[in-house]
Amino acid sequence: MDTAARAREIVVRLRALYPDPEPALVHSNAYELLVATVLAAQCTDARVNTVTPEFFRRWPDPASLARADVAQVEDVVHSTGFFRQKAKNLVAAAKLMAERHGGGVPDSMATLTTLPGVARKTANIVLSNALGKNEGIAVDTHVRRLAFRLGLTVSTNPIIIEKDMMLLLSQEDWGIVNHLLVLHGRAVCKARKPRCDFCVLGDICPRLGL
DNA sequence: ATCCCGAGGG
DNA sequence: CCCTCTGGAT
């Protein structure tokens with residue numbers, strides 16, 4: 001089985017294992033998903049979900065966040081780590097959206113990545129989950145680890161991994177593959193003690209001899 | 001390559 | 001104690 005066939009088979013098996021993969025970050029619109037995804041940098045989604053209810057209540061849209069006191073935002077997002085950067089970036093991004101994007105979330109990779117604190121990973125999450133667009137594949141710590149272990153790439157560079165995976169998968173799967181690999185990365189193919197004995201991909205994983 | 005940064009697990 | 005968690009900017 002060549003690499004592309006293996007990649008497609010991985011998606012098929014993980015779809016069966018995780019029937020209805022949903023974004024674990026609680027949100028109700030593109031703005032909320034953008035905020036939650038920025039906060040998710042080097043932080044568990046579970047922790048992000050503990051701070052976003054208050055965040056969205058106090059700053060329900062880009063306009064209100066643009067007028068927010070950065071110190072108060074720092075206070076709310078403190079427990080997610082990198083809190084100074086995240087608060088500063090979110091308020092600056094909100095000001096850009098309020099002043100230059102009609103108060104809404106930009107709907108293209110090129111424009112989203114002009115926002116401070118937003119690069120390809122965050123933009124891909126917002127585009128595929130809130131805006132219905134598959135412009136690329138979101139490569140986070142889980143996708144990077146699993147893509148490498150599964151032999152879908154020989155690189156550890158997220159940009160190259162994304163390109164490799166885009167060539168291996170059809171565009172309709174670009175959004176879902178992130179959720180599938182994240183779910184499997186959390187439950188089975190964990191960073192520290194991967195449970196290879198439980199893995200449905202064992203027979204097509206280079207790690208187990210292939 | 002390094003920095004930003006808190007919290008939980010082993 | 002060290003590693004990891006849906007990264008991004010310098």
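Here is how names work: the chains are called A, B, and so on, in the same order as the sequence lines, proteins then strands, and each is numbered from 1. In what follows, every heavy atom counts, from backbone to side chain, and hydrogens, waters and symmetry copies are set aside.
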Got a list of side-chain donor-acceptor pairs under 3.5 Å for residues 92-112 of chain A, not counting sequence neighbours?
{"from": "A:Ser108", "atom 1": "OG", "to": "A:Thr111", "atom 2": "N", "distance (Å)": "3.2"}
{"from": "A:Ser108", "atom 1": "OG", "to": "A:Thr111", "atom 2": "OG1", "distance (Å)": "2.9"}

Only distances under 3.5 Å count here; give the side-chain donor-acceptor pairs of residues 180-191 of chain A to other protein atoms, sequence neighbours excluded, each with its distance to 0.1 Å.
{"from": "A:His184", "atom 1": "ND1", "to": "A:Tyr18", "atom 2": "OH", "distance (Å)": "2.7"}
{"from": "A:Arg186", "atom 1": "NH1", "to": "A:Asp45", "atom 2": "OD2", "distance (Å)": "3.3"}

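For A:Ala119, the side chain to side chain contact (heavy atoms under 4.5 Å, CB included) test picks out no residue, with sequence neighbours left out. Residues passing the side chain to side chain contact (heavy atoms under 4.5 Å, CB included) test with A:Asp75, sequence neighbours excluded: none.
The stretch residues 126-138 of chain A participates, sequence neighbours left out, in these side-chain hydrogen bond (donor to acceptor under 3.5 Å, both in side chains) pairs: A:Asn129-A:His179. Sequence neighbours left out, not one pair with a member in residues 113-163 of chain A passes ring pair (Phe, Tyr, Trp, His ring centres under 6.0 Å). Residue pairs meeting the ring pair (Phe, Tyr, Trp, His ring centres under 6.0 Å) criterion with at least one partner in residues 62-88 of chain A, sequence neighbours excluded, are A:His78-A:Phe83. Pairs passing the side-chain hydrogen bond (donor to acceptor under 3.5 Å, both in side chains) check and including a residue from residues 28-41 of chain A, sequence neighbours excluded, read A:Ser28-A:Glu32. Within the structure, ring pair (Phe, Tyr, Trp, His ring centres under 6.0 Å) pairs that include any residue of residues 51-75 of chain A comprise A:Phe55-A:Trp59 (at least two apart or interchain).
In summary, contact between chain A and DNA chain B, defined as any nucleotide atom under 4.0 Å from a heavy atom of the protein, begins and ends at B:dC4 to B:dG10 in the 5' to 3' direction.
Note on A:Ser79: only backbone sugar-phosphate atoms sit closer than 4.0 angstrom, heavy atoms only; bases stay farther off.
Using atom C1' as the reference point in both C:dC3 and B:dC5, the two lie 15 Å apart (nearest Å). Nucleotides B:dA7 and C:dA9 are separated by 23 Å at their C1' atoms, to the nearest Å. Of the P atoms belonging to C:dT6 and B:dG10, the separation is 14 Å, rounded to the nearest Å.
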Check step by step if salt bridge (Lys or Arg N to Asp or Glu O under 4.0 Å) holds for A:Arg58 and A:Asp69. CA-CA 11 Å; A:Arg58 295 177 65 167; A:Asp69 174 12; over 6 Å; no
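Within residues 157-175 of chain A, no residue places a heavy atom under 4.0 Å from DNA chain B.
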Taking protein heavy atoms under 4.0 Å as touching, what does nucleotides 4-10 of chain C look like 5' to 3' if B marks base contact, S marks sugar-phosphate-only contact and - marks none? SBBBSS-
